[in-house]
Amino acid sequence: MDELNGNTTILYVEDNWDNRTLVRRILQAEGFQVVEAETAIHAMDILQEIHPALILMDINLPEFDGYSLTTHLKMHPDFRNVPIIALTANVMQGDRERSLQAGCDGYIQKPIDVDTLPAQIHRYLSQNG
Ligand code: MN
């Protein structure tokens with residue numbers, strides 16, 4: 001395990017099993033601790049227990065979508081400073097702007113690029129100091 005990343009926890013909110021498996025493998029290979037939530041409600045439960053360094057946020061989720069959860073977390077004093085990166089297949093014009101308006105700190109487009117995802121995560125983590 002990469003000791004630089006070994007204590008760094010990333011929460012991935014995603015309802016799709018294949019995506020969760022792929023991203024988990026990529027991030028664990030980088031030495032990150034990966035915690036997964038299938039729904040916004042599940043994520044809120046998990047966030048009572050952990051304080052992740054970064055949240056990867058799928059947008060299309062059942063019930064409450066990733067925009068709603070992001071806006072909610074950004075109003076919460078405990079999570080306001082946690083970077084939230086939208087990870088979504090939404091490619092229509094304006095989706096990037098909508099995710100930023102919802103409070104996301106960045107935007108990664110699906111399909112997930114196995115080769116560039118680690119560098120993107122490192123960049124967002126370092127931006128947050
Ligand atoms: Mn989804």
Side-chain angles (χ1 to χ4, degrees):
M1 182 174 282
D2 185 334
E3 291 183 9
L4 281 176
N5 299 327
N7 293 318
T8 303
T9 299
I10 295 175
L11 173 64
Y12 183 27
V13 188
E14 169 66 78
D15 60 328
N16 180 278
W17 188 90
D18 289 328
N19 286 334
R20 286 204 310 277
T21 301
L22 176 63
V23 168
R24 180 198 315 132
R25 285 178 179 159
I26 296 169
L27 297 182
Q28 285 182 342
E30 290 289 307
F32 292 113
Q33 309 262 5
V34 182
V35 179
E36 298 160 38
E38 295 183 40
T39 66
I41 299 292
H42 187 199
M44 292 302 296
D45 286 343
I46 287 172
L47 287 169
Q48 294 185 8
E49 307 293 332
I50 69 161
H51 194 275
L54 181 143
I55 299 172
L56 277 177
M57 183 73 74
D58 180 32
I59 296 302
N60 296 314
L61 296 166
E63 301 175 358
F64 302 99
D65 67 16
Y67 296 128
S68 305
L69 179 56
T70 297
T71 301
H72 179 77
L73 291 175
K74 287 297 181 181
M75 291 189 299
H76 194 299
D78 289 347
F79 301 110
R80 194 162 45 213
N81 296 322
V82 177
I84 300 180
I85 311 304
L87 188 55
T88 175
N90 292 347
V91 291
M92 282 167 48
Q93 193 155 14
D95 279 334
R96 183 177 184 281
E97 288 70 19
R98 192 172 168 206
S99 62
L100 297 177
Q101 280 170 7
C104 293
D105 300 276
Y107 179 95
I108 295 173
Q109 193 167 306
K110 291 177 183 172
I112 295 151
D113 186 328
V114 175
D115 295 323
T116 63
L117 183 65
Q120 291 175 300
I121 298 292
H122 282 293
R123 182 163 52 85
Y124 286 123
L125 282 170
S126 64
Q127 279 174 0
N128 207 45

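One-based numbering, in listed order, for ligands and for the atoms of each.
Asp15 contributes atom OD1 as its closest N/O/S atom to the Mn ion (ligand 1). Looking at Asp58, its N, O or S atom nearest to the Mn ion (ligand 1) turns out to be OD2.
A centroid separation of 6.0 Å or more is found between the aromatic rings of Phe64 and His72.
A side-chain donor-acceptor contact under 3.5 Å links His122 and Glu30.
Taking backbone and side chain together, Asn19 holds no N, O or S atom under 2.8 Å from the Mn ion (ligand 1).
Between the CD1 atom of Ile84 and the OG atom of Ser99 there is a distance of 11.0 Å, given to the nearest 0.5 Å. In this structure, the separation between CG on Leu11 and CG on Leu47 is 5.5 Å, given to the nearest 0.5 Å.
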